[in-house]
Chemist: 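This structure is in structure tokens; I'll ask about it shortly.
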Number of protein chains: 2
Amino acid sequence: MRRPLTERHEVLPALAEVFREHGFEGASLTRIGQATGLGKGSLYHFFPGGKTEMAAAVLAEIDAWFEAHVFAPLCGVQDPERAVGAMLESIGRYFHSGRRVCLVGLFALGDARGTFARPVRTYFRRWVDALASALVRGGLAPASAADLAEDAVMTIQGAIVLTRALEDPRVFERAGSRVRERLRLKRR
Amino acid sequence: MRRPLTERHEVLPALAEVFREHGFEGASLTRIGQATGLGKGSLYHFFPGGKTEMAAAVLAEIDAWFEAHVFAPLCGVQDPERAVGAMLESIGRYFHSGRRVCLVGLFALGDARGTFARPVRTYFRRWVDALASALVRGGLAPASAADLAEDAVMTIQGAIVLTRALEDPRVFERAGSRVRERLRLKRR
DNA sequence: GTCTATAGATCGATAGAC
DNA sequence: GTCTATCGATCTATAGAC
């Protein structure tokens with residue numbers, strides 16, 4: 001019952017980066033092995049379900065991170081306007097100003113689409129709902145809040161696509177400014 | 001010098017659909033063969049460069065389609081407001097209200113990223129510029145037009161991501177309404 | 001031009017030594 | 001737990017018959 005030298009949890013960040021970089025199909029076990037420093041034997045020891053279980057674990061970790069650092073704060077008791085600002089700052093850092101892909105968005109677009117449809121749907125629904133709840137507590141009508149939240153999340157996803165396409169992080173920064181302005185504007 | 005029974009051009013739509021459905025890495029020659037009804041021999045006859053050349057040809061065809069049906073009309077002499085409306089209608093049909101992936105956006109996110117960076121960048125830059133030019137002719141200042149055009153294109157890309165994630169085409173339709181409203185609102 | 005057969009590499013996954 | 005060796009399947013690409 002001793003603590004193992006390497007825990008499953010510890011390899012998840014490297015694992016996530018491989019999936020982000022190469023997609024599900026492109027993330028070969030060889031590449032995963034190089035990125036994590038683990039042989040196939042060890043990988044299958046931690047993830048008996050193989051690559052699918054690895055990707056599922058990564059998605060779960062991402063979801064947990066967003067739940068703790070983005071979704072929950074949005075639903076928290078503190079000033080909603082502050083919470084929205086904090087969200088934009090958090091995700092700006094998380095996505096490296098759009099240089100880093102959103103793995104959930106990538107999976108939504110087609111890479112291993114069917115397999116992870118449910119966690120993908122849950123993640124985005126939760127994001128939109130959490131943001132909408134903050135807007136409602138900020139004084140917005142539920143219908144407008146839902147509309148505005150949906151718009152904000154899709155703008156962020158689109159900003160990642162366009163930032164990578166144009167290879168210009170300023171695209172992401174400008175998107176952040178627009179979203180911030182829109183979320184503030186409507187409340188007055 | 002007789003006309004061949006099958007022309008390279010004729011298999012491009014089926015080819016494009018395979019890449020959209022499975023991404024670059026996931027589009028195996030077996031699947032491509034099934035979708036096009038061509039054996040590997042024939043495929044390599046039309047595309048000596050293999051899968052990379054197939055994807056490049058598909059991207060070129062997509063670019064040509066958008067140039068003819070979206071970009072050029074935006075830069076045309078007709079009423080800019082009408083042109084913007086026509087763009088939204090065109091892309092709504094093209095992307096099947098967000099159920100169909102934008103292959104260029106998918107490639108931008110990571111699937112075969114390095115290989116097609118240039119056509120991807122060109123496509124999106126052209127799209128933003130064409131839309132901005134229409135807005136300028138509609139009476140907007142160049143700076144605002146560029147900002148608004150960038151926002152519109154990224155919203156559409158994000159709408160595709162979110163529509164597929166939530167499996168709800170109404171997400172895309174709502175995005176179209178918002179973009180239409182934003183592009184109209186600012187001009188007055 | 002189109003096919004089948006197949007090469008050669010790499011894939012995901014497993015087995016078993018240590 | 002971690003490794004190496006290796007399996008069978010699948011991959012891209014080629015060769016050659018027709």
Chemist: When the distance from CG of A:Leu38 to P of C:dG12 is rounded to whole Å, what number comes out?
Modeler: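 Atom CG in A:Leu38 sits about 16 Å away from atom P in C:dG12.
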
Chemist: Look at the side chain of B:Arg164 and the backbone N and O of B:Arg99, then say whether any donor-acceptor pair between them is shorter than 3.5 Å.
Modeler: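 Between the backbone of B:Arg99 and the side chain of B:Arg164 there is a qualifying donor-acceptor contact (under 3.5 Å).
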
Chemist: On the nucleotide D:dC11, are OP1 or OP2 found under 4.0 Å from the side-chain N or O atoms that B:Ser28 carries?
Modeler: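 Looking at the OP1 and OP2 atoms of D:dC11, one of them is under 4.0 Å from a side-chain N or O of B:Ser28.
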
Chemist: Looking at the side chain of A:His45, which of C:dG1, D:dT12, D:dG1 is the nearest nucleotide?
Modeler: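 Ranking C:dG1, D:dT12, D:dG1 by closest atom to the A:His45 side chain puts D:dG1 first.
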
Chemist: Please name the pair of heavy atoms, one in B:Val70 and one in B:Ser90, separated by the smallest distance, quoted to 0.1 Å.
Modeler: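 That would be CG2-CB, 4.4 Å.
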
Chemist: When all nucleic acid strands are considered with a 4.0 Å heavy-atom cut-off, which category describes B:Gly41: base, sugar-phosphate, or nothing?
Modeler: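 Here B:Gly41 touches the bases of the nucleic acid.
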
Chemist: Could you pick out which residue, A:Phe24 or B:Gly37, lies toward the 5' side of DNA chain C when each is mapped onto its nearest nucleotide?
Modeler: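 This one resolves to B:Gly37.
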
Chemist: Using atom CE of B:Met54 as one end and atom C1' of D:dC11 as the other, report the distance to the nearest whole Å.
Modeler: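 B:Met54 atom CE is separated from D:dC11 atom C1' by 13 Å.
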
Chemist: State which residue, out of B:Asp111, B:Val104, B:Leu59, fulfils the side-chain contact (heavy atoms from CB on, under 4.5 Å) condition with B:Phe116.
Modeler: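 Of the listed residues B:Asp111, B:Val104, B:Leu59, the side-chain contact (heavy atoms from CB on, under 4.5 Å) partner of B:Phe116 is B:Leu59.
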
Chemist: Nearest-Å distance, CG (B:Leu43) to P (C:dA5)?
Modeler: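 One finds 17 Å between P of C:dA5 and CG of B:Leu43, rounded.
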
Chemist: Taking OH from A:Tyr44 and P from C:dG12, how many angstroms apart are they, rounded to a whole number?
Modeler: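 Whole-Å distance recorded here is 7 Å.
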
Chemist: Using atom CG of A:Leu29 as one end and atom P of C:dA9 as the other, report the distance to the nearest whole Å.
Modeler: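 From A:Leu29 CG to C:dA9 P: 20 Å.
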
Chemist: Is A:Arg137 reaching over with its side chain to a backbone N or O of A:Gly76, donor-acceptor style, under 3.5 angstrom?
Modeler: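 Checked: pair present.
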
Chemist: Provide, to the nearest angstrom, the distance between the CD atom belonging to A:Glu53 and the C1' atom belonging to C:dA13.
Modeler: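 Going from CD in A:Glu53 over to C1' in C:dA13 covers 13 Å.
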
Chemist: Looking at B:Thr30, I'd like to know whether one of its side-chain N or O atoms comes within less than 4.0 Å of OP1 or OP2 on D:dT10.
Modeler: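 For D:dT10, neither OP1 nor OP2 has a side-chain N or O of B:Thr30 closer than 4.0 Å.
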
Chemist: In whole Å, what is the span from the CD atom of B:Glu7 to the P atom of C:dG1?
Modeler: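 For the pair B:Glu7 CD and C:dG1 P, the rounded distance is 9 Å.
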
Chemist: Counting just side-chain N and O atoms, does A:Lys40 come under 4.0 Å of either OP1 or OP2 of C:dA13?
Modeler: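 For C:dA13, neither OP1 nor OP2 has a side-chain N or O of A:Lys40 closer than 4.0 Å.
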
Chemist: Starting at CZ of B:Phe46 and ending at P of C:dC3, how long is that distance when rounded to a whole Å?
Modeler: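 In whole Å, C:dC3 P lies 10 Å from B:Phe46 CZ.
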
Chemist: Can you tell me if CZ on A:Arg82 sees more than 12 non-hydrogen neighbours from other groups inside 6.0 Å?
Modeler: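 12 or below, so no.
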
